[in-house]
Trainee: 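Dropping the structure in here first, questions after.
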Amino acid sequence: MAGLPLRLFNTLGRELQEFAPLEPGRARVYTCGPTVYAYQHIGNLRAYVFADTLRRVLEWKGYEVVQVINITDVGHLTSDMDEGEDKLELASQREGRSVWDIAAHYTDVFMGDLAKVRVRPATVWPRATEHVEEMIEFARALEEKGYAYRLEAGLFFDTSKLSDYGKLALLDLEGLQEGARVAPIPGKRNPTDFALWRASPTDAERLMEWDSPWGKGAPGWHLECSVMSMKYLGERFDLHTGGVDHIPVHHTNEIAQSEAYLGGAWVPYWLHNEFIGLGETKMSKSKGGTLLLSDLERQGFHPLSYRFLLLGSHYRNQTEFTWRGLEGARVAQRRLLERLRERIPAGGEPLAYDQAWARLDGSARAHLEGLDAAVSADLKTAQALAVLTQLSRDADVPAGDLAVLVAAFEAVLAVGLLDLAPEDLDPPARELMLEVGEVERLLADREEARRSRDFASADEIRDMLDRLGVEVQDTPTGTTWRVRPAVGQREAGRD
RNA sequence: GGCGCGGUGGCCGAGGGGUUAGGCGGCGGCCUGCAAAGCCGUGUACACCGGUUCGAAUCCGGUCCGCGCCUCCA
């Protein structure tokens, strides 16, 4: 594969490791997707921008990538396994729509948001509800192998059967036993045991339930990821991504049931993104305090400015979202585009490493290698942006080479380097308060005053237009004007 | 309480034993009749206390502070 070896931080082992696929030239990736009972906030989006970056880098280096992102459209519970209410059912009651409508609606919005931040569509988007049969089969196989036991609450996985349970999260099982668990399920053998099948309550009917060898109920949360990933990627595949919150429970249990099922090692590389903070608390779908991509757009920001902001920090670092930070990213991105557009026209296609390499000669190739060095070191997109910024200021790089290099950067970063104009990042203008002809007449008057060196009158006209929301700029090629942007961009957040 | 991750110049954020991260803002300059925009220049920072070392922001130990997970959550 092209360029330097790709080094990634593997949560399994907590160290940087060189990526080596199970099958040469092919990378199979599973990305933990959302539960679609609510809008995905901008913190959620980071997980997919991260996974997208991984995918783009792999493809850029010449791997054939297959990526699966699941859609969890089965409700799971709001608290412990036999407590609380189903989140999808809750949303259904709240919004007066069927659970199926709820799932469909939030799935659509989610995919729309991903498209806006240029996260490429997954190769497959499997839905949990379409794989319940396979999940039942999987659970039955585990039961046959002696890894499961039945309780009134459903079918449970016996984590004590695995000697290395918790290896991903470095769980301290002794410590866990002492930890106060909420509402323990009667009969559970170990605190870490989890449901493969959740039996429906006998006194109430669930909106989503299926028949199974263990009675009516719904599949355990972790089951779908094991089942759907194996179905679409093969029993063993290369990479599994998700947020750090999944490490201790969800991914730990996925590994447990999958390795029990296979009788051996499952996925070699586990990658996790850190959280985005928002002021005092993290963003949480259940606790509120979230921002949506549409909130950012309402404040006049282009979705790709949010992507630009995200790429400015490493995916494994907790960072804070602030409006100031987003504004900073917007300005930086705009200036970058301005410098690029001065030298190379918009258009063209993103270029993979090999394609770019073939079109460059010795000195320009060093810049390509700079990009490769950055992304090959655990996807250091921030460093890639720094390299790009330097490049955009380097007058020694011929325009032809620059165009090739920018196309290579765009292939990995996807921040609009090829197709956006700087103005595309500006907030939308507000309503013009006077006729366009009027503005132009006033500007003509001003131009005349300037020509006769009556600057007092000229400035008076400019001030007046400014009060009406029209910004006037004198440039070497003449005077231009625009309606001042509509929004004060810092209405929310803590700054 | 257990496990995990951090504390970098006004702000955000890279880096990671001796050579510039970068961005935003500020300041100075160029340009401009003046502005605006743009461009150029400008910051010797790395929580605290010890230790290792010729040399530590970077390694080790401790302290303080923050965050995440342990319960649905990216």
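Order of the sequence lines sets the chain letters (A, B, ...), proteins ahead of strands, with each chain counted from 1.
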Trainee: According to the Watson-Crick and G-U wobble definitions, with both distances under 3.5 Å, which nucleotide is paired to B:rA47?
Mentor: B:rU63
Trainee: Would you mind reading off the distance between A:R330 atom CZ and B:rA37 atom P, rounded to a whole angstrom?
Mentor: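 It is 12 Å, rounded to the nearest whole Å.
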Trainee: What's the CZ-C1' distance between A:R393 and B:rG41, to the nearest Å?
Mentor: 11 Å
Trainee: I want to verify a distance call: between B:rA74, B:rG33, B:rG4, whose nearest atom is closest to the A:L170 side chain?
Mentor: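 Minimum distance to the A:L170 side chain belongs to B:rG4.
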Trainee: State which of B:rC34, B:rA14, B:rG4 makes the closest approach to the side chain of A:R14.
Mentor: B:rG4
Trainee: With the side chain of A:T389 defined as its heavy atoms from C-beta on, choose the nearest nucleotide among B:rG23, B:rG68, B:rA74.
Mentor: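 Nearest nucleotide to the side chain: B:rG23.
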Trainee: State the pairing partner of B:rU58; accept Watson-Crick or G-U wobble contacts with both distances under 3.5 Å, and report none otherwise.
Mentor: none
Trainee: Once you round to the nearest 0.5 Å, how far does CD of A:Q40 lie from CG of A:L293?
Mentor: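 Spacing of CD (A:Q40) from CG (A:L293) equals 12.0 Å.
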Trainee: For the base of B:rA74 and the side-chain ring of A:F275, does the geometry meet a stacking cutoff of under 5.5 Å between centres and under 30° between planes?
Mentor: yes
Trainee: Would you state whether a donor and an acceptor, one from the side chain of A:R462 and one from the base of B:rC34, lie under 3.5 Å apart?
Mentor: yes
Trainee: What's the closest nucleotide to the A:Q318 side chain, out of B:rG4, B:rA37, B:rC34?
Mentor: B:rG4
Trainee: Choosing from B:rA74, B:rG23, B:rG4, which nucleotide comes nearest the side chain of A:A47?
Mentor: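 The answer is B:rA74, which lies nearest to the side chain.
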Trainee: Roughly how many Å apart are B:rG41 and B:rC31, using the C1' atom of each and rounding to a whole number?
Mentor: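 After rounding to an integer number of Å, I get 15 Å for this pair.
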Trainee: Side chain of A:D474, heavy atoms from C-beta onward: which of B:rG13, B:rC34, B:rA74 has the nearest atom to it?
Mentor: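 Taking heavy atoms from C-beta onward, the closest nucleotide is B:rC34.
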Trainee: Tell me if the side-chain of A:R453 makes a donor-acceptor pair with the base of B:rG33, cut-off 3.5 Å, by modelled atom types.
Mentor: no
Trainee: Please give the distance between the P atoms of B:rA56 and B:rG25 as a whole number of Å.
Mentor: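 To the nearest whole Å, 36 Å.
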Trainee: Let's see if you can work this out: which of B:rG68, B:rG15, B:rG25 has an atom nearest to the side-chain heavy atoms of A:V331?
Mentor: B:rG25
Trainee: Any donor and acceptor pair, going by atom type alone, linking the side chain of A:D238 with main-chain N or O of A:R28 inside 3.5 Å?
Mentor: yes
Trainee: When both hydrogen-bonding distances must be under 3.5 Å and the geometry is Watson-Crick or G-U wobble, what is B:rU20 paired with, if anything?
Mentor: none
Trainee: Can you tell me, in whole Å, how much space there is between the C1' of B:rG1 and that of B:rU52?
Mentor: 34 Å
Trainee: Give the rounded distance in Å between these two atoms: CD of A:E320 and P of B:rG13.
Mentor: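 Value for this atom pair: 7 Å.
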Trainee: Could you check, using the six-membered ring where one of them is a Trp, whether A:Y39 and A:H105 have ring centers closer than 6.0 angstrom?
Mentor: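 Between A:Y39 and A:H105, the centre distance is under 6.0 Å.
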Trainee: Just compare B:rA14, B:rA74, B:rG33 and give me whichever is closest to any side-chain atom of A:D459.
Mentor: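 From the listed options, B:rG33 comes nearest.
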Trainee: What do you reckon, is CD of A:E95 surrounded by more than 12 foreign heavy atoms closer than 6.0 Å?
Mentor: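 Counting other residues, nucleotides and ligands, CD of A:E95 exceeds 12 neighbours.
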Trainee: Provide the distance between the two P atoms, one in B:rC46 and one in B:rU19, to the nearest whole Å.
Mentor: 15 Å
Trainee: Any side-chain heavy-atom pair from A:W323 and A:L291 closer than 4.5 angstrom?
Mentor: yes
Trainee: Whole angstrom is fine here: how far is it from CG in A:L310 over to P in B:rC12?
Mentor: 17 Å
Trainee: Using heavy atoms to find the nearest nucleotide of RNA chain B for A:F455 and A:L309 separately, return the residue whose nucleotide is more 5′.
Mentor: A:L309
Trainee: Between A:D73 and A:Y106, do the side chains contain a donor N or O and an acceptor N or O under 3.5 Å apart?
Mentor: no
Trainee: Is any side-chain N or O of A:K380 closer than 4.0 Å to OP1 or OP2 of B:rG13?
Mentor: no
Trainee: Could you tell me how the ring of A:F157 sits relative to the ring of A:F194: parallel (under 30°), tilted (30 to 60°) or perpendicular (over 60°)?
Mentor: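 Parallel, since the angle between the ring planes stays under 30°.
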Trainee: Which nucleotides of nucleotides 6-11 of chain B have their base under 4.0 Å from a protein heavy atom (B), which only their sugar-phosphate (S), and which neither (-), written as one string 5' to 3'?
Mentor: ----B-
Trainee: Does B:rG41 have a Watson-Crick or wobble mate here (both distances under 3.5 Å), and if so which one?
Mentor: B:rC27
Trainee: Assess the pair A:H314 and A:F9: is the distance between their ring centroids shorter than 6.0 Å?
Mentor: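 Aromatic pair excluded; centres sit 6.0 Å or further apart.
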Trainee: Provide the Watson-Crick or G-U wobble partner of B:rU71, both distances under 3.5 Å; none if there is no partner.
Mentor: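 Its partner is none (no Watson-Crick or G-U wobble pair with both distances under 3.5 Å).
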Trainee: Quick one: on RNA chain B, does A:S313 or A:Q390 contact a more 5' nucleotide (nearest heavy atom)?
Mentor: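 In this pair, the answer is A:S313.
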Trainee: Which listed nucleotide (B:rA74, B:rC34, B:rG38) is nearest to the side chain of A:R335?
Mentor: B:rG38
Trainee: Just how far, in rounded Å, is P of B:rG68 from NE2 of A:H251?
Mentor: 20 Å
Trainee: From the options A:L391, A:L388, A:V331, select the one residue that forms a side chain to side chain contact (heavy atoms under 4.5 Å, CB included) with A:L336.
Mentor: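 Option passing the side chain to side chain contact (heavy atoms under 4.5 Å, CB included) with A:L336: A:L388.
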Trainee: Check every atom of B:rG4, B:rG38, B:rG33 against the side chain of A:E338 and return the nucleotide holding the closest atom.
Mentor: B:rG38
